[in-house]
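One structure is given below, encoded as structure tokens.
Counting convention: from 1, in listed order, for ligands and their atoms alike. For reference, positions follow the sequence shown, starting with 1.
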Amino acid sequence: MAENNIRTLSVDIGGSGIKVIVLDTAGNPQTERARLETPQPATPEAVIKAIAQLAAGQGEFERVSVGFPGVVRSSVTETAVNLTADWIGFDLGTALQKLLGQPVRVVNDADMQGLGAISRQGVELVITLGTGFGSALFVDGKLVPNLEMGHHEFRKGETYEQQLGRAALEDVGEKKWNSRLEKAIGSLQRLFNYDRLYIGGGEAKKVTLNLPPNIKIIPNVSGLLGGIALWRD
Ligand code: BGC
């Protein structure tokens with residue numbers, strides 16, 4: 001197959017949903033995005049089964065990109081706070097490669113989301129608001145992998161994820177959650193002095209703040225579109 005026809009199955013593993021799409025070499029979607037609820041408990045076996053089921057409905061592809069909600073090193077998952085402890089030390093890349101018969105690359109979900117959204121200029125920070133709180137940092141398009149801001153202390157003895165994850169949103173409501181987010185943005189601005197901040201994830205649509213021009217809300221599909229960048233060597 002010609003290099004420009006290589007199709008990439010892009011997979012976004014989330015705490016509440018698993019999503020897939022097939023991208024062409026330019027990163028354009030070739031299929032309809034498909035989604036399944038994340039199985040509970042979200043063990044490696046159950047999640048892989050869901051990915052196989054989704055992949056079967058996507059036609060053909062020659063390689064696979066995966067965004068995973070935890071620290072990932074050489075396609076081994078090292079943390080998975082919102083899934084199960086079975087993921088610690090699990091070689092997701094190899095397991096999926098065996099199952100799908102194609103080369104697989106795995107990165108943190110917020111890293112993949114950022115790759116689908118950034119301008120590749122200057123200091124760019126990405127946060128994702130979903131089940132968990134994801135974060136990714138880029139300098140001129142170069143990723144600083146596995147930035148885990150979510151589990152860093154934010155305020156009142158709680159982490160960014162405890163204050164701004166989905167459980168907190170459901171607990172305190174949108175108004176208070178937005179005001180917490182405003183404080184978080186201020187704190188991240190002072191820490192990173194970013195040129196641009198992107199806010200993604202399933203709950204980004206609930207952001208009602210008036211944002212300055214260097215802060216953008218990005219669609220959740222960026223999490224899948226970033227899959228193409230994993231193969232840009
Ligand atoms: C995880 C991150 C992930 C984020 C969003 C956090 O709990 O530690 O790795 O990016 O959730 O899924």
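- Remark: Arg33 CZ to Leu225 CG distance equals 10.5 Å, nearest 0.5 Å.
- For the pair Glu161 and ligand 1, the shortest N or O to N or O distance falls below 3.5 Å.
- For the pair Gly70 and ligand 1, a heavy-atom separation below 4.0 Å is found.
- Ring planes of Phe154 and Tyr160: parallel class, angle under 30° (limits at 30 and 60°).
- At a heavy-atom cutoff of 4.0 Å, ligand 1 is contacted by the side chain of Asn108 but not by its backbone.
- A donor-acceptor pair is defined here as one N or O able to donate and one able to accept, closer than 3.5 Å; no such pair exists between the side chain of Asp171 and the backbone of Ala167.
- Ion pairing between Glu37 and Arg35 holds under the 4.0 Å rule for side-chain N and carboxylate O.
- Scanning for ring-ring contact (aromatic ring centres under 6.0 Å, His included) contacts around Phe90 gives Trp87, with sequence neighbours left out.
- Proximity to Gly134 (heavy-atom distance under 4.0 Å) selects the following atoms of ligand 1: 4 (C), 5 (C), 10 (O).
- Remark: minimum distance from atom 2 (C) of ligand 1 to any protein heavy atom is reached at Glu148 OE2, 3.3 Å.
- The closest approach between any non-hydrogen atom of Thr79 and ligand 1 is not below 4.0 Å.
- For ligand 1, the atoms closer than 4.0 angstrom to any heavy atom of Gly132 are 11 (O).
- Of the listed residues (Leu147, Asn82, Asp109, Val126), the one carrying the non-hydrogen atom nearest atom 12 (O) of ligand 1 is Asp109.
- Considering Glu124, Gln113, Lys216 as possible partners of Tyr198, the one that fulfils the side chain to side chain donor-acceptor pair (under 3.5 Å) test is Glu124.
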